[in-house]
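Position 1 is the first residue of the sequence; numbering continues from there. For the numbers below, each heavy atom of this structure counts, side chains included, while hydrogens, waters and symmetry mates do not.
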Amino acid sequence: MKNIIMLLCAVLTLLPLQAQDAESADWKSDINYLKELIDKEYPFLYKKVTREEFQDAADALLLMADEAEDHEMATGLMKLIALFGYGHTSVGLGNTPYDLRQLPVHLKQFKDGIYIEGVREEFSNDVGARVLKIQGRDIDEVYKKVITYFPAENSQFFKAYGMSYLVFTEILTAEGFIEDPTVPVTLTLVKDGKEYDREMNPMEKGERTPASYGYTQNKDGWISARDTNATPNYLKHLERIYYKEYLEDHNAMYVRQSQIKDDSLMAIPEFYDEVFKEIEAKNIEKLVIDVRLNGGGNNYKNRAVLKDIIAHPEIDKVGNLFVILGDRTFSACQNLVNELDNYTNAIFVGEPTGENINFYGDNNKEELPNSKIPVYLSFAWWQDKPQWENQEWLPPHVAVQMTFEEFANNQDPVLEAALNFKDDNFVLDPMDYLTSLFMKGDIETLKKEAFRFSKDERYVFFDLEQRFIEVGERLTGTGMVHEALFVHQLNTELYPESVATWYALGRTLKEAGMKAESLEAAQKAMELASGQPQLQKQLKDFIQTLE
């Protein structure tokens with residue numbers, strides 16, 4: 001009997017260690033399964049991250065498995081998949097044992113900062129406050145760390161769909177901002193000119209803000225910072241996928257379409273037929289299509305929109321057709337605005353889209369065998385534009401960003417900009433216009449207009465600097481080195497404090513056989529790259545090729 005008791009004690013002593021080893025083995029098995037799956041079925045996803053970089057990150061996560069807690073492995077998995085940089089490629093922790101905890105606030109980023117757009121009623125005094133710090137760390141610092149866990153195609157996509165990551169306590173724990181995901185977190189806020197700290201406990205796992213299209217709804221004990229006694233057009237009738245309204249003061253038809261799918265009351269083709277019937281009957285001069293909330297749907301539904309616009313040349317001309325873009329413009333709606341850009345004379349107003357112009361979408365759900373966590377991996381490449389036009393987003397022709405005060409007071413500067421648009425020396429396609437000046441040999445006007453575009457706030461999202469670099473590199477690649485030098489030299493005049501412009505000039509000078517001038521440009525870039533060790537190393541390697 002004594003021997004049996006001793007044996008049982010020994011077994012019980014070993015049980016916790018064996019359970020920990022089994023759990024670690026499960027995570028290791030899942031990560032190895034994922035590595036093999038991506039190598040075999042999804043190798044095309046290695047576009048923004050190399051296979052070696054991904055495998056190294058996966059191996060680093062494997063090394064954590066023996067000691068890490070479940071929430072550390074789950075967030076590590078999120079960070080791993082986020083390396084691909086496609087919004088449709090993600091980890092789904094919702095409704096799993098690994099779901100995340102959120103602080104009882106809903107954050108939204110405006111032109112003038114990150115604000116508490118919605119909050120639980122017990123913190124009603126804090127609604128509308130701007131967030132300065134989280135747990136004593138500057139909000140910008142937290143942002144830079146946290147965005148690496150989100151499958152962000154660009155900063156707009158994170159702004160639209162990822163702001164809650166700033167207040168997910170498992171992620172704050174993973175980055176060392178707090179010690180444990182269950183502990184209170186201190187937010188440093190400013191409201192009505194007063195700065196103060198507010199301590200908040202995280203909500204239960206999986207509990208989220210009651211929101212519609214990213215905006216807090218006044219229900220379930222939550223309140224919005226917006227004055228809900230009135231409603232701006234872009235938030236009207238959110239229970240419907242699309243609606244139209246004749247704006248008599250501007251003789252304009254306003255359409256808000258928030259998904260690319262048929263509404264239960266009327267299919268998309270019928271709806272747009274009704275829109276244009278009213279336009280014809282009332283001799284309406286302007287059409288404004290608002291897709292700033294539109295996160296996508298079915299690409300095949302876009303044809304009806306394009307067909308009706310193209311069939312009405314009185315609307316399809318510069319100054320009569322406007323499309324409002326925003327950070328939530330994504331997926332099938334990215335395809336819609338790409339096609340509107342390709343085939344119509346629409347003026348885009350607002351902010352850039354939340355997706356790359358060309359992108360991987362349409363994902364498969366792949367369940368990890370042990371943790372049962374679903375990983376969504378994209379498989380379809382959508383390319384509406386040539387590969388050399390694959391910018392990080394589709395920028396607006398007229399840039400307009402909303403401040404928090406404008407949002408809270410139901411103002412809509414974006415719609416106002418469309419309705420009050422005036423052709424004040426406005427250029428729909430700056431690069432096409434500058435190219436035409438170059439081809440005509442009108443260099444003086446080209447330089448003058450390039451400087452105008454670089455200073456005009458309406459073109460703030462039109463990345464002229466990067467576009468010039470891309471054009472210069474294409475010219476170099478086709479042997480037109482002299483023309484490329486002109487483009488890069490002009491770029492350094494437009495953006496003299498940019499590392500990228502000087503580095504691009506240095507590379508082209510090297511191609512032209514002008515090593516001394518190339519070295520001078522590279523050294524200028526090196527000076528500007530102070531505090532950026534990775535970039536400095538790249539520049540040092542380049543400089544060594546010149547010496």
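- Expressed to the nearest 0.5 Å, how far CE of Met402 lies from CZ of Phe407 amounts to 8.0 Å.
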If you apply the rule salt bridge (charged side-chain N to carboxylate O under 4.0 Å, His left out), what do you find for Arg292 with Asp290, and how did you get there?
CA-CA 6 Å; Arg292 76 182 94 174; Asp290 190 342; 2.9 Å; yes

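- For Ser212 and Gln217, the side-chain atoms include no donor-acceptor pair closer than 3.5 Å.
- By the ring-ring contact (aromatic ring centres under 6.0 Å, His included) test, Phe322 is found to be paired with Phe421, residues two or more places apart in sequence or in another chain being considered.
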For salt bridge (charged side-chain N to carboxylate O under 4.0 Å, His left out), just list the numbers for Lys35 and Asp59, CA-CA rounded to whole Å, side-chain angles, deciding distance to a tenth of an Å, and then say yes or no.
CA-CA 9 Å; Lys35 288 170 61 180; Asp59 289 343; 2.6 Å; yes

Does the pair Phe84 and Phe54 meet the rule for a ring pair (Phe, Tyr, Trp, His ring centres under 6.0 Å), with working shown?
CA-CA 8 Å; Phe84 290 118; Phe54 181 84; 4.8 Å; yes

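- Heavy atoms of other residues, nucleotides or ligands lying less than 6.0 angstrom from CD of Glu405 number 12 at most.
- At a cut-off of 3.5 Å, with distance as the only test, a side-chain donor of Tyr46 or Asp39 sits close to an acceptor on the other residue.
- Using modelled atom types and a 3.5 Å distance limit, the side chains of Ser498 and Glu465 yield a donor-acceptor pair.
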Derivation and outcome, side chain to side chain donor-acceptor pair (under 3.5 Å), residues Gln156 and Thr329:
CA-CA 9 Å; Gln156 286 288 96; Thr329 306; over 6 Å; no

Under the criterion side chain to side chain donor-acceptor pair (under 3.5 Å), I'd like the reasoning laid out for Asn233 against Tyr243: C-alpha separation, chi angles, the key distance, then a yes or no.
CA-CA 10 Å; Asn233 289 82; Tyr243 98 98; 3.1 Å; yes

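- Remark: side-chain polar atoms of Gln135 are not paired, donor with acceptor, to backbone N or O of Val185 under 3.5 angstrom.
- A salt bridge links Lys385 with Asp341: at least one charged nitrogen is closer than 4.0 Å to a carboxylate oxygen.
- Under the 3.5 Å distance criterion, with hydrogens and angles disregarded, a donor-acceptor pair is assigned to the side chains of Tyr149 and Glu175.
- Side chain to side chain, His106 and Glu117 meet the donor-acceptor criterion of an N or O pair below 3.5 Å.
- For Glu389 and Arg467, the salt-bridge test fails: no basic side-chain N is under 4.0 Å from an acidic carboxylate O.
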In sequence, state the C-alpha distance, the side-chain angles, and the governing distance for Ile357 and Trp393, and then conclude on side chain to side chain contact (heavy atoms under 4.5 Å, CB included).
CA-CA 5 Å; Ile357 285 181; Trp393 54 39; 6.0 Å; no

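- Once rounded to the nearest 0.5 Å, the distance linking CG of Asp227 with CG of Asn410 reads 5.5 Å.
- Formation of a donor-acceptor pair under 3.5 Å by the Asn302 side chain with backbone atoms of Ala332 is found in this model.
- Within the 4.5 Å cutoff, no side-chain heavy atoms of Val131 are placed close to those of Thr188.
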Could you walk me through whether Phe158 and Tyr165 pass the side chain to side chain contact (heavy atoms under 4.5 Å, CB included) check?
CA-CA 9 Å; Phe158 182 76; Tyr165 279 49; 4.2 Å; yes

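- Atom CG of residue Leu80 and atom OG1 of residue Thr148 lie 11.5 Å apart, to the nearest 0.5 angstrom.
- The closest donor-acceptor contact from the side chain of Glu67 to the backbone of Met64 lies at 3.5 Å or more, if one exists at all.
- No side-chain donor-acceptor contact under 3.5 Å links Asn370 and Tyr33.
- Geometrically, Lys108 engages Tyr215 in a cation-pi contact defined by less than 6.0 Å to the ring centre and at most 45° from the axis.
- For Arg101 and Glu204, the salt-bridge test fails: no basic side-chain N is under 4.0 Å from an acidic carboxylate O.
- A donor atom on one side chain and an acceptor atom on the other are not found under 3.5 Å apart for Thr216 and Thr209.
- Under the 3.5 Å distance criterion, the side-chain polar atoms of Glu355 are matched with a main-chain donor or acceptor of Ser331.
- By the neighbour-count criterion of 12 heavy atoms within 6.0 Å, atom CD of Glu179 is sparsely surrounded, having that number or fewer from other residues, nucleotides or ligands.
- If you check the side chains of Thr50 and Glu53, you find a donor sitting under 3.5 Å from an acceptor.
- Judged by distance alone, the side chain of Asn409 and the main-chain N or O of Gln411 form no donor-acceptor pair under 3.5 Å.
- Checking side-chain atoms of Thr169 against main-chain N and O of Leu172 turns up no donor-acceptor pair under 3.5 Å.
- In this structure, Tyr242 contributes its side chain and Met266 its backbone to a donor-acceptor pair below 3.5 Å.
- With Thr353 contributing its side chain and Leu394 its backbone, the two residues share a donor-acceptor pair below 3.5 Å.
- Using bins of under 30°, 30° to 60° and over 60° for the plane-to-plane angle, the ring pair Tyr360/Tyr86 lands in the perpendicular bin.
- Taking a cutoff of 4.0 Å between a charged side-chain nitrogen and a carboxylate oxygen, Arg120 and Glu207 qualify as a salt bridge.
- At a cut-off of 3.5 Å, with distance as the only test, no side-chain donor of Asn338 or Trp382 sits close to an acceptor on the other residue.
- A search for side-chain contact (heavy atoms from CB on, under 4.5 Å) contacts involving Gln401 returns Lys111, Glu351, Phe461, not counting sequence neighbours.
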Working for side chain to side chain contact (heavy atoms under 4.5 Å, CB included), residues Asn356 and Asn358
CA-CA 5 Å; Asn356 301 158; Asn358 301 321; 6.0 Å; no

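- Formation of a donor-acceptor pair under 3.5 Å by the Asp263 side chain with backbone atoms of Ile241 is found in this model.
- Side-chain atoms of Asn335 and Tyr300 include no donor-acceptor pair closer than 3.5 Å.
- More than 12 non-hydrogen atoms from other residues, nucleotides or ligands lie less than 6.0 angstrom from NZ of Lys48.
- Judged by distance alone, with hydrogens and angles left aside, the side-chain atoms of Asp262 form a donor-acceptor pair with the main-chain N or O of Ile268 at under 3.5 Å.
- Distance OG/Ser90 to CD1/Ile81: 9.0 Å, rounded to 0.5 Å.
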Does the pair Lys236 and Glu245 meet the rule for a salt bridge (charged side-chain N to carboxylate O under 4.0 Å, His left out), with working shown?
CA-CA 10 Å; Lys236 283 183 179 179; Glu245 183 175 332; 3.2 Å; yes

Walk me through whether Arg130 and Lys191 qualify under side chain to side chain contact (heavy atoms under 4.5 Å, CB included).
CA-CA 7 Å; Arg130 183 160 64 94; Lys191 185 176 181 181; over 6 Å; no

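- Side chains of Ser371 and Asp30: a donor on one and an acceptor on the other come within 3.5 Å.
- Taking a cutoff of 4.0 Å between a charged side-chain nitrogen and a carboxylate oxygen, Lys133 and Asp197 do not qualify as a salt bridge.
- Between Phe330 and Phe157, the angle of the ring planes stays under 30°, which puts this pair in the parallel group of the 30/60° scheme.
- Atom CG in Leu415 sits 6.5 Å away from atom CG in Leu247 (nearest 0.5 Å).
- Within the model, atoms CG of Asn154 and CD of Gln391 stand 12.0 Å from one another, a figure rounded to the nearest 0.5 Å.
- Salt bridge Asp99/Lys205: absent, no basic N to carboxylate O contact under 4.0 Å.
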